[in-house]
Enquirer: 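Once you've had a glance at the structure underneath, I'll fire off some questions.
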Amino acid sequence: MTSAPPSYRGRLAPSPTGYLHVGHARTFWVAQQRAREHGGVLVLRNEDMDAKRFKLEFVAAMMDDLQWFGFEWQEGPDRGGPFEPYSQSERMEFYRAALEKLRAAGFVYPCTCSRKDIQAAARAPHATDDDEPLYPGTCRERAEVRGQKSEVHVLTSDLRLPSPDLRFNWRFRVPDGETISFTDGHFGPQQFVAGRDFGDFVVWRHDDVPAYQLAVVADDAAMRITEVVRGADLLKSTARQILLYRALGFEPPAFCHCPLMTDEAGVRLAKRHDALSLRQLRERGESPEALRQAWQRSSG
Ligand code: GLU
């Protein structure tokens with residue numbers, strides 16, 4: 001029996017933690033163009049997992065701004081689809097199932113280190129250029145001494161820690177020294193060495209929220225995304241995510257990272273750049289067409 005090749009499925013995955021800015025729009029536009037060129041489907045996923053940081057007003061603004069700019073998605077929180085729900089806050093069961101799988105296979109261990117502990121003990125605090133310092137391995141070694149037992153109650157009783165109050169993250173054990181390679185649709189061949197370029201990373205937070213890395217892999221796999229288009233700040237995270245795909249037994253999608261936009265001072269755009277938010281551009285009477293033409297001019 002032959003099966004048809006999977007048709008293209010792309011996604012826009014904004015986090016409603018502030019107003020979308022023109023840099024998001026540029027990356028999303030690439031995602032939309034690629035889906036169109038392949039005659040594929042574009043999914044809108046509302047990444048509202050982090051309840052502490054997102055605000056409902058930003059969800060409404062996000063949908064409105066995307067529509068104003070000219071984005072059209074075929075599946076999403078507002079229109080449903082075969083892989084609903086499309087808001088991460090409603091998808092906890094997928095993330096729990098993924099964590100369970102990782103736990104059962106021994107890929108993760110409980111980690112009681114605080115951010116401060118890690119900063120104080122990091123082997124090479126400046127070795128990474130993204131958010132996370134290399135994890136020094138404190139709790140990994142503890143878990144290994146205990147014969148790979150990853151059950152928290154075992155760990156807690158062994159350590160005589162006050163288990164009801166114990167705050168711990170689940171951390172993924174990376175294969176130290178292994179080179180993770182992939183060919184990026186924009187930047188070409190990429191290589192990152194586990195344990196050197198990035199260390200053991202959190203997949204589930206102590207406040208019972210899945211970390212970005214796990215949620216995004218569980219969703220991209222469940223929604224059958226065939227190509228992930230996103231900002232270049234996530235290139236290294238792609239290496240982490242490839243390890244998660246492997247551990248979970250999922251086929252990774254293709255990846256295409258877009259160069260990040262900077263302001264006049266060369267600083268990467270962030271949600272705090274209010275003047276460049278789609279909201280403000282719209283209020284100032286800018287048109288989406290003119291903005292898109294300006295990108296085309298600047299990227300040659
Ligand atoms: N919600 C994430 C962000 O806005 C998505 C990243 C991704 O596309 O994987 O950074």
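Each ligand, and each atom within it, is numbered from 1 in the order the structure gives. Residue indices begin at 1 and follow the sequence shown. Please read all numbers here as calculations on a predicted model, not as lab measurements. What's counted below: heavy atoms across the whole structure, side chains too, no hydrogens, waters or symmetry copies.
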Enquirer: Which part of Val228 is near ligand 1, with near meaning a heavy atom under 4.0 Å away: side chain, backbone, both or neither?
Expert: neither
Enquirer: Kindly indicate whether a cation-pi arrangement holds for Arg173 with Phe201, taking the cut-offs as under 6.0 Å to the six-membered ring centre and within 45° of the axis.
Expert: no
Enquirer: Would you please name every residue forming a salt bridge (Lys or Arg N to Asp or Glu O under 4.0 Å) with Asp219, sequence neighbours left out?
Expert: Arg45, Arg91
Enquirer: List every atom of ligand 1 that sits less than 4.0 Å from any heavy atom of Val216, numbering the atoms from 1 in the order shown and giving each element.
Expert: 9 (O)
Enquirer: Are Trp73 and Phe71 an aromatic pair by the rule of ring centers under 6.0 Å?
Expert: no
Enquirer: Atoms of ligand 1 less than 4.0 Å from Leu234 heavy atoms?
Expert: 6 (C), 7 (C)
Enquirer: Are the charged groups of Asp48 and Lys55 less than 4.0 angstrom apart, N to O?
Expert: no
Enquirer: Under 4.0 angstrom from ligand 1, any heavy atom of Arg11?
Expert: yes
Enquirer: Check for a donor-acceptor pair, side chain of His38 on one end and backbone N or O of Ala35 on the other, with a separation under 3.5 Å.
Expert: no
Enquirer: Of all the atoms in ligand 1, which lie at a distance below 4.0 Å from a heavy atom belonging to Glu47?
Expert: 1 (N), 2 (C), 5 (C)
